[in-house]
Amino acid sequence: MKNFTSYRSLSSVLALASVALTLCAQSFTVHFKNGNTQTFNHADVDCISFSPDSYEPGGNETFTFSEPANTYIVSRAGDYEFFTNLPSGKAIEGVADVDWIWAQKADPADTEQHLLSDVNYSDGKVSFTATGNYGNAALAAFDSEGKVIWVWLLWMTPKPEEKSLEGGATILDRFMGATGATKEDGKKAWGAVVYQWGRPVPIFAGFEDEWDSEGETFNEARKWTVMNPAYGLEWTVEKKCATLEESIAAPTTFFTGNPVGTWQSDTDYTLWGSEKTDLDPSPAGYRIPDGDKWGDNYVDIIKVEADQSGAYYTFEGSTSWFPAGNQNRLYDTGENVVGFPGYMCWNASVVIDDYLGVLDNPNMQQYTLEELIDMGLIDRFVSRLSISCVNDPDIYTFKETKAKANPSFALPVRCVKIK
């Protein structure tokens with residue numbers, strides 16, 4: 001076998017991004033154009049099939065996430081680093097330290113987390129070591145007084161695949177936080193991370209129902225996560241509104257206030273949108289979809305399973321699994337609800353519903369859109385994909401791509417590719 005460690009640059013190889021190369025070697029080092037390197041050897045694999053399109057970071061060398069995001073996908077054990085920048089590239093100001101604040105358990109009996117170690121912050125860069133186990137962990141940036149000023153999700157999962165939608169969009173094959181993308185993977189792999197609309201903070205859901213009346217709210221999160229004991233955080237519900245800054249500073253708190261159904265002190269419908277915002281939790285290259293991205297025929301294309309476990313969506317040979325019972329937290333209590341067979345996930349865009357047709361009424365031209373909304377003549381709301389998997393024709397079922405939702409719901413996200 002040849003030893004490929006003498007290759008000092010693979011620029012010519014990386015230029016052939018559509019060509020997969022198979023190299024049989026004792027060891028070789030890949031030198032990327034952005035300055036990163038990674039060495040493979042016989043202890044890892046005997047025969048390596050490598051393609052720049054399918055490359056997964058991790059391994060012997062530190063991998064740098066070059067594009068900023070609020071979520072980073074980690075699919076292999078290894079050392080990683082990223083810059084403390086917003087998705088737009090703007091630096092987050094005032095960061096004094098970064099550490100993990102909660103991590104998902106594989107076993108409820110675990111008292112320590114087994115996803116990452118050696119979290120460090122220096123000169124605007126965060127580094128950590130991933131164990132190679134799958135699950136989710138949250139990192140927080142702290143200012144000099146110990147206040148949380150930003151939060152990231154480390155989504156530790158096998159590399160997600162891209163799937164096609166009839167509307168022309170490309171989505172990931174699983175919900176954010178999921179470690180599996182098929183029915184056979186089971187509900188504990190289907191996803192357990194949810195978000196309140198417009199809020200960049202990941203909230204752990206769970207796998208079983210909780211009842212607020214029984215004092216069970218967030219029992220599932222407590223059962224399946226380990227909290228970093230250094231910071232005294234715990235999963236709680238605050239029945240009041242918060243500013244964006246306050247909601248980030250309390251990353252394990254579910255907010256819901258008055259009016260019931262919102263978490264924001266001052267409602268802002270621009271926190272998420274058709275263009276990726278700095279508050280969008282999606283990984284680099286992806287964003288939360290608009291309701292239109294699902295296409296005109298989504299509800300007709302899906303095939304609900306007879307056992308009500310979910311639905312398959314197939315378009316042009318590309319099949320995606322949408323599991324039922326994926327977790328959501330109720331807008332008024334924060335309790336985790338699995339119950340009724342179906343699935344939901346957020347849309348980023350806001351719906352303007354001119355249900356009375358007043359925008360076409362010449363007698364109403366004197367009013368601004370905001371005034372018409374305040375007068376109750378036009379409805380404005382955030383929306384979700386909401387699909388029932390109930391097959392009984394005698395039971396009311398819902399299948400909507402832009403269903404009305406309260407912003408304080410905590411729902412999953414299914415990312416769409418930015419084109």
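Not measured: the values here are computed from a predicted model.
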Short side-chain donor-acceptor distance under 3.5 Å, Asp307 and Ser309:
yes

Begin with the C-alpha distance, continue with both residues' side-chain angles, and end with the deciding distance and a verdict on side-chain hydrogen bond (donor to acceptor under 3.5 Å, both in side chains) for Trp102 and Asn136.
CA-CA 9 Å; Trp102 63 260; Asn136 297 278; over 6 Å; no

Nearest 0.5 Å, please: how far is CE in Met344 from OG in Ser388?
11.0 Å

Least distance between heavy atoms, Pro68 atom then Ala284 atom
O-CB, 4.3 Å

Yes or no on side-chain hydrogen bond (donor to acceptor under 3.5 Å, both in side chains) for Asp212 and Thr217, after CA distance, side-chain angles and deciding distance?
CA-CA 5 Å; Asp212 182 59; Thr217 302; 3.3 Å; yes

Any donor-acceptor N/O pair, Lys419 side chain to Gly168 backbone, under 3.5 Å
yes

Cationic tip of Arg384 within the cone over Phe409's six-membered ring, i.e. under 6.0 Å and within 45° of the normal?
yes

Which atom names give the shortest non-hydrogen contact between Phe128 and Val74, and what distance separates them?
CZ-CG2, 4.0 Å

Kindly determine whether Glu245 and Lys147 satisfy salt bridge (charged side-chain N to carboxylate O under 4.0 Å, His left out), including the steps that lead there.
CA-CA 10 Å; Glu245 180 181 347; Lys147 176 183 175 181; 2.3 Å; yes

For Asp118 and Ser127, what are the C-alpha separation, side-chain angles and deciding distance, and is it a side-chain contact (heavy atoms from CB on, under 4.5 Å)?
CA-CA 8 Å; Asp118 300 316; Ser127 61; over 6 Å; no

Taking the side chain from Arg414 and the backbone from Leu172, do they hold a donor-acceptor pair closer than 3.5 Å?
yes

Go through the steps to decide whether Asp379 and Lys404 satisfy the test salt bridge (charged side-chain N to carboxylate O under 4.0 Å, His left out), and finish with yes or no.
CA-CA 10 Å; Asp379 196 8; Lys404 190 172 185 177; 3.0 Å; yes

Is a donor on one side and an acceptor on the other found under 3.5 Å between the side chain of Lys402 and the backbone of Gly291?
no

Short N-O contact, Glu370 and Arg380, less than 4.0 angstrom
yes

Check for me whether the distance between the ring centres of Tyr72 and Phe82 falls short of 6.0 Å.
yes

Under 3.5 Å: donor-acceptor pair, side chain of Thr256, backbone of Tyr331
yes

Ring pair (Phe, Tyr, Trp, His ring centres under 6.0 Å) partners for Phe218, two or more places apart
Trp235

Using the six-membered ring of Phe207, assess whether NZ or CZ of Lys188 lies under 6.0 Å from its centre and within 45 degrees of the ring axis.
yes

Glu220 and Asn336: side-chain donor and acceptor closer than 3.5 Å?
no

Around atom CD of Gln365, are there more than 12 heavy atoms of other residues, nucleotides or ligands at under 6.0 Å?
yes

Between Tyr298 and Phe322, ring centroids under 6.0 Å:
yes

Thr179-Thr157 side chain donor-acceptor pair, cut-off 3.5 Å:
no

In terms of relative ring orientation, are Trp346 and Trp272 parallel, tilted or perpendicular, with 30° and 60° separating the classes?
perpendicular

NZ (Lys417) with more than 12 external heavy atoms under 6.0 Å:
no

Contacts of type side-chain contact (heavy atoms from CB on, under 4.5 Å), residue Lys240, not counting sequence neighbours
Glu238, Phe255

Quiz question: by atom type and distance under 3.5 Å, do the side chains of Asp280 and Thr277 form a donor-acceptor pair?
no

Around Glu234, counting heavy atoms of other residues, nucleotides and ligands shown, do more than 12 lie under 6.0 Å from its CD?
no

For Phe381, check ring pair (Phe, Tyr, Trp, His ring centres under 6.0 Å) against everything at least two apart and list the hits.
none

Rounded to the nearest 0.5 Å, what separates atom CD in Glu166 from atom OG in Ser318?
13.0 Å

Atom of Tyr343, atom of Pro323 and distance for their closest heavy-atom approach:
CB-O, 3.3 Å

Might you confirm whether atom CD of Glu275 has over 12 heavy atoms from other residues, nucleotides or ligands at distances under 6.0 Å?
no

Inter-residue atom distance Asp292.CG - Thr401.OG1, 0.5 Å rounding:
7.5 Å

Check whether Asp354 reaches the backbone of Ile352 with its side chain - one donor and one acceptor, N or O, closer than 3.5 Å.
no

Does Asp300 CG have over 12 foreign heavy atoms under 6.0 Å away?
yes

No-hydrogen, no-angle side-chain donor-acceptor test under 3.5 Å, Glu81 and Thr64
yes

Rounded to the nearest 0.5 angstrom, the CH2-CG distance for Trp263 and Leu244 is 5.0 Å

Could you give me the CA-CA distance, side-chain angles and deciding distance for Lys187 and Glu208, then say whether salt bridge (charged side-chain N to carboxylate O under 4.0 Å, His left out) is met?
CA-CA 10 Å; Lys187 69 178 182 179; Glu208 304 295 339; 2.8 Å; yes

